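Below: one structure, written as structure tokens.
In what follows, chains carry the letters A, B, and so on, assigned in the order in which the sequence lines appear, proteins first and then strands, with residues in each chain numbered from 1. Worth saying up front: this structure is predicted, and the values here are computed from it rather than measured.
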Number of protein chains: 2
Amino acid sequence: MRLTRAGEYAVRCVLYLAKQGRGVLVSRKEIAAQADIPGQFLAKIAQQLARQGIIEILQGASGGYRLLLAPERITLLEVVETVIGEIFLNDCVGRPESCPNSTVCAVHRVWCRTQQQLRNSLDQVTFADLASEELGTPPTPGACCAENPPPPEKDLPGPA
Amino acid sequence: MRLTRAGEYAVRCVLYLAKQGRGVLVSRKEIAAQADIPGQFLAKIAQQLARQGIIEILQGASGGYRLLLAPERITLLEVVETVIGEIFLNDCVGRPESCPNSTVCAVHRVWCRTQQQLRNSLDQVTFADLASEELGTPPTPGACCAENPPPPEKDLPGPA
DNA sequence: TGATACAAGATCAAAAAAGTCTTATTTACT
DNA sequence: AGTAAATAAGACTTTTTTGATCTTGTATCA
Ligand code: SF4
Ligand code: SF4
């Protein structure tokens with residue numbers, strides 16, 4: 001129930017490109033260094049993004065990557081799913097035939113519904129949003145993860 | 001980004017018990033058979049559910065499991081997280097220190113927000129809901145996964 | 001034409017998930 | 001008390017997924 005490394009890297013890569021602006025050519029090496037991504041791994045991810053039409057890859061000396069679409073038109077969901085495949089909260093959502101029960105199962109319906117909700121949320125966020133927020137806004141410390149305090153450990157409840 | 005097998009089994013187990021009614025003793029064997037869960041694996045999962053106070057385990061001959069709480073008071077989120085741990089959409093949400101960027105990162109905030117949303121949704125669903133829906137409602141075929149049509153394959157973008 | 005940069009697939013290693021095995025307790029029944 | 005039936009608990013194994021690298025090849029520019 002968590003983003004893979006590859007997914008995270010893809011987001012970083014596209015975000016970095018979005019910050020440079022659409023169409024600006026950036027070498028893989030630069031992206032890898034700046035966004036802290038293993039170079040070869042980035043190559044793989046970039047290829048997937050290219051196939052999806054999100055970025056363009058230029059070969060040869062002085063080659064590199066560049067954003068093909070306007071950042072406003074690229075959503076977080078799109079980038080993530082390009083790399084990790086469609087998000088499924090449970091196997092039976094993507095492959096109902098994997099559970100003979102799926103046509104009757106109440107839980108199944110919950111997964112379907114919730115998953116759609118999640119995907120919609122991620123589809124609302126564009127890389128234009130992300131890039132501008134990152135360039136402009138001051139950190140506002142605590143505004144984010146304060147809502148997510150380190151959860152009480154299962155076995156050691158509290159600061160024992 | 002998907003429920004583990006253990007999580008799925010936990011849900012099945014609790015749902016089965018909820019259908020029998022709170023406090024009704026059911027042998028592990030029966031649950032395993034009826035809910036299609038590997039027996040020994042179920043044992044592990046049950047122990048976690050017991051530690052969490054959701055079910056009670058009776059030992060000895062004619063032992064078994066039974067629901068300790070009223071189904072209305074058990075949520076899907078609770079059961080799932082008991083087994084797979086707190087849901088995190090991205091590592092940095094649970095451990096902000098894992099990414100030096102997390103205090104500034106716009107994406108980070110999206111993950112935090114979305115994750116909370118997801119968890120809230122799952123926390124709305126109780127096992128009373130699930131059990132009654134399953135006992136009462138007719139299947140309504142297509143009402144669920146029709147919203148989730150098999151997505152266009154990554155490499156063959158739809159009926160282009 | 002050679003240096004630079006990316007492509008693409010094979011391959012490897014580490015981690016997580018799924019399941020099984022073994023041994024020990026607990027309880028009921030006779 | 002003795003035995004059978006049930007679960008406990010942890011070690012262990014297998015399989016799958018993830019993360020990353022290696023190798024060989026191709027494109028482009030100076
Ligand atoms: S039991 Fe329900 S939720 Fe679980 S796999 Fe089958 S259909 Fe999906
Ligand atoms: S870059 Fe942002 S989203 Fe990615 S790990 Fe760091 S904080 Fe989280």
Notebook entry, point to check: Looking at dG19(C), dT22(C), dA7(C), which one has an atom nearest to any side-chain atom of Q40(B)?
Noted result: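 Selected nucleotide: dT22(C).
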Margin query: For E78(A), is there an ion pair with R73(A) - N to carboxylate O distance below 4.0 angstrom?
Written below: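 Result for this pair is no, no salt bridge flagged.
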Item checked: Salt-bridge contact R119(A)-D123(A) (side-chain N to carboxylate O under 4.0 Å) ->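 No, this pair does not count.
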Can you tell me how far [atom2] of [N] sits from [atom1] of [X], to the nearest Å?
| X | N | atom1 | atom2 | result |
| --- | --- | --- | --- | --- |
| E30(A) | dC6(C) | CD | P | 11 Å |
| R5(A) | dA16(C) | CZ | C1' | 15 Å |
| Q48(A) | dA7(C) | CD | P | 12 Å |
| E56(B) | dT26(C) | CD | C1' | 14 Å |
| F41(A) | dA20(D) | CZ | P | 5 Å |

Side-chain N or O of [X] less than 4.0 angstrom from OP1 or OP2 on [N]?
| X | N | value |
| --- | --- | --- |
| Y65(A) | dA7(C) | yes |
| Y9(B) | dG19(C) | yes |
| S62(A) | dT4(C) | no |
| Q47(B) | dA8(D) | yes |

Item checked: Sidechain-backbone polar pair: R12(A) side chain, D36(A) backbone, donor-acceptor under 3.5 Å ->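 Checking the backbone N and O of D36(A) against the side chain of R12(A), a donor-acceptor pair under 3.5 Å is found.
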Margin query: Tell me whether E56(B) contacts the main-chain N or O of L68(B) through its side chain, where contact means a donor paired with an acceptor under 3.5 Å.
Written below: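 Absent.
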Note to self: Please determine whether any donor N or O and acceptor N or O are separated by less than 3.5 Å between the side chain of K44(A) and the base of dT21(D).
What the structure shows: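 When only heavy-atom distances are counted, K44(A) does reach the base of dT21(D) through a donor-acceptor pair under 3.5 Å.
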